Amino acid sequence: MRFTLITIATLAVAAVSVTQAREGNQHHFGAVGHHYSVQAAAAAAAVAFEQQAAAGGHITEDMHPGTLYSSKRLIKVSENTKPRWLGLEDILALRRAGVGFMDITDTQDMHHQQDIKALGEYESRLPTKLSHGKQVRGAIGQLSTKLYGDVLNPFTAFHNRYYDSEYGRKSSEWLKAQIESLVDQAKANVTVEAFKHKFPQSSTIARFYGKSEETVVISAHQDSVNMWLPWFGRASGADDDGSGTVTILEAFRVLLHQGFAPERTVEFHWYAGEEGGLLGSQDVARQYKKQETKVVGNLHFDMTGFWEKGSEEIIGLVADRTDPKSRALVSDLANEYTRLKTKEFECGYGCSDHASWNAFGFPSAMAFECDKLEANTNVHSPKDTVETLDFDHMLEFSKLAVAYAYEVGYDKTD
Ligand code: BES
Ligand code: ZN
């Protein structure tokens with residue numbers, strides 16, 4: 001039996017959450033208040049969807065409103081196994097089983113490329129010593145937790161931010177408007193662009209133009225998923241990855257405020273479709289590779305807000321599919337500029353968007369809320385809410401993003 005009691009229970013929680021989200025919207029934010037009728041319709045559709053699926057025993061293409069899964073997708077679950085063409089049901093099963101994967105349907109050419117340099121082979125352009133302490137400390141002093149709540153409350157009130165849905169499209173448009181409004185307020189010479197994909201949600205790229213072509217990328221993913229009912233289910237996605245989204249947004253706000261004018265081009269990326277197999281970040285990394293953009297480093301933030309009280313508070317650093325020199329740098333930055341030490345841990349294949357940069361031969365690192373993937377059991381469910389987050393913990397990650405922007409962005413390695 002594919003549709004278990006858990007599915008039905010999740011659906012019930014999702015339905016309740018629809019109501020909560022609706023109230024939240026009306027209470028706090030006029031901008032997304034019109035989602036009320038959409039959400040009510042979605043709740044009804046979710047029930048119909050589940051009934052049909054239970055009756056038929058399987059999900060078919062006409063039971064979901066998206067377009068991405070109307071034909072099979074090429075899915076990779078490890079470096080060593082051949083990618084396979086999988087249909088929707090199999091992909092959903094992978095996600096429910098917690099198997100990390102990359103959907104390489106639209107990036108096959110890059111994955112096949114022979115010239116991708118193995119990890120550690122490329123010449124690192126990252127700084128080996130820290131030399132911008134004064135600027136970093138000045139900027140860090142301006143960081144606050146206020147934006148976290150201001151942005152996360154409306155952001156998590158979108159019923160979900162599923163990339164292959166209208167919710168996902170609307171949430172990405174809303175987020176882009178928040179980014180643009182920060183730039184407008186600061187009257188800064190920073191561009192904000194939508195990077196479009198083959199599904200409704202777009203990634204957003206904000207760019208501080210440097211004097212050199214070398215590019216620094218600080219990133220998070222903006223989509224969320226309810227692993228049982230991706231299109232209709234409630235997925236607040238506060239920790240995964242609302243936390244990373246606002247962690248880098250707060251860093252971005254402070255850099256704007258400080259009149260940040262780096263030597264290198266420094267970009268902030270909010271990826272779409274991470275939960276679909278790193279879709280957004282692969283599209284972006286593929287384009288940068290094709291255009292021969294000189295990406296000197298990527299620092300990715302996926303989940304920064306939850307840690308088990310009683311355990312040691314640390315910054316987790318993903319040890320696999322990341323660049324050793326980037327990890328060493330991030331560790332130095334944490335020691336110098338945050339109150340936390342780093343600890344390395346394995347995240348597995350897929351895992352998050354750092355793996356896209358890594359797979360295409362760019363040096364990448366990924367900071368995580370702790371050193372245990374399974375610590376936050378709320379992910380991919382309606383229970384991943386703002387109340388479960390620790391904003392003071394998140395602030396340390398914003399410090400890391402600011403420090404990375406200055407130390408790598410102003411570096412003149414030659
Ligand atoms: N933020 C998660 C990574 C994660 C997974 C954290 C499980 C904690 C527990 C990320 O968004 C995610 O869900 N990754 C998937 C792979 C993705 C391509 C579906 C994973 O690692 O299973
Ligand atoms: Zn995530």
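The model shown is predicted, which means the values in this text are computed figures rather than measured ones. Every number for a ligand or one of its atoms is a count from 1 in the order of the listing.
At the shortest separation from atom 18 (C) of ligand 1 among protein heavy atoms lies F101 O, 3.2 Å. For atom 6 (C) of ligand 1, the nearest non-hydrogen atom of the protein is M303 SD, 3.3 Å. Nearest protein heavy-atom contact of atom 4 (C) of ligand 1 is L373 CD2, 3.9 Å.
Between F208 and F260, the distance separating the two ring centers is shorter than 6.0 angstrom.
Defined by atom type and a distance below 3.5 Å, a donor-acceptor pair is present between the side-chain atoms of S331 and T342. Using modelled atom types and a 3.5 Å distance limit, the side chains of D103 and T105 yield a donor-acceptor pair.
Which parts of ligand 1 touch G98 is read off a 4.0 Å heavy-atom cut-off, strictly below it: atoms 22 (O). Close approach to G100 involves these atoms of ligand 1, each under 4.0 Å from a residue heavy atom: 16 (C), 20 (C), 22 (O). With ligand atoms numbered from 1 in the order given, ligand 1 contributes 1 (N), 2 (C), 10 (C), 11 (O) to contacts under 4.0 Å with heavy atoms of D302.
The closest approach between a heavy atom of G277 and any atom of ligand 1 is below 4.0 Å. Heavy-atom separations between H221 and ligand 1 include at least one value shorter than 4.0 Å. Within the 4.0 Å heavy-atom shell around ligand 1 one does not find E374. The closest approach between any non-hydrogen atom of D241 and ligand 1 is not below 4.0 Å. For S352, the closest heavy-atom approach to ligand 1 does not fall below 4.0 Å.
Ligand 1 has a nitrogen or oxygen under 3.5 angstrom from a nitrogen or oxygen of E275. Remark: ligand 1 and C351 share an N or O pair separated by less than 3.5 Å (distance only, no angle test).
We find the CZ-CG distance between R73 and D106 to be 5.0 Å, quoted to the nearest 0.5 Å. Between the SG atom of C370 and the CD atom of E312 there is a distance of 11.5 Å, given to the nearest 0.5 Å. Taken from CD1 in I75 to CG in D90, the straight-line distance is 9.5 Å, to the nearest 0.5 Å.
Between H269 and Y288, the ring-plane angle classifies as perpendicular under the 30° and 60° cut-offs.
For atom 17 (C) of ligand 1, the choice among E274, H380, K372 with the nearest heavy atom turns out to be E274.
Both the sub-6.0 Å distance and the 45° axial angle are not jointly satisfied by R286 relative to the ring of F360. F362 carries K289 over the face of its six-membered ring, with the cationic atom under 6.0 Å from the centre and within 45° of the normal. With W174 as the aromatic partner, K176 does not meet the cation-pi criteria of under 6.0 angstrom to the ring centre and within 45 degrees of the ring axis.
Under 2.8 Å from the Zn ion (ligand 2), one finds the following protein N/O/S atoms: H221 NE2, D240 OD1, D302 OD1, D302 OD2.
Residue E250 is tested with T245, L182, L143 for a side-chain contact (heavy atoms from CB on, under 4.5 Å); the sole match is L143. Shown are F232, W231, F199, Y69; of these, the ring-ring contact (aromatic ring centres under 6.0 Å, His included) with Y162 is made only by W231.
Within 6.0 Å of atom CD in E79, more than 12 heavy atoms from other residues, nucleotides or ligands are found, so the atom counts as buried in its surroundings.
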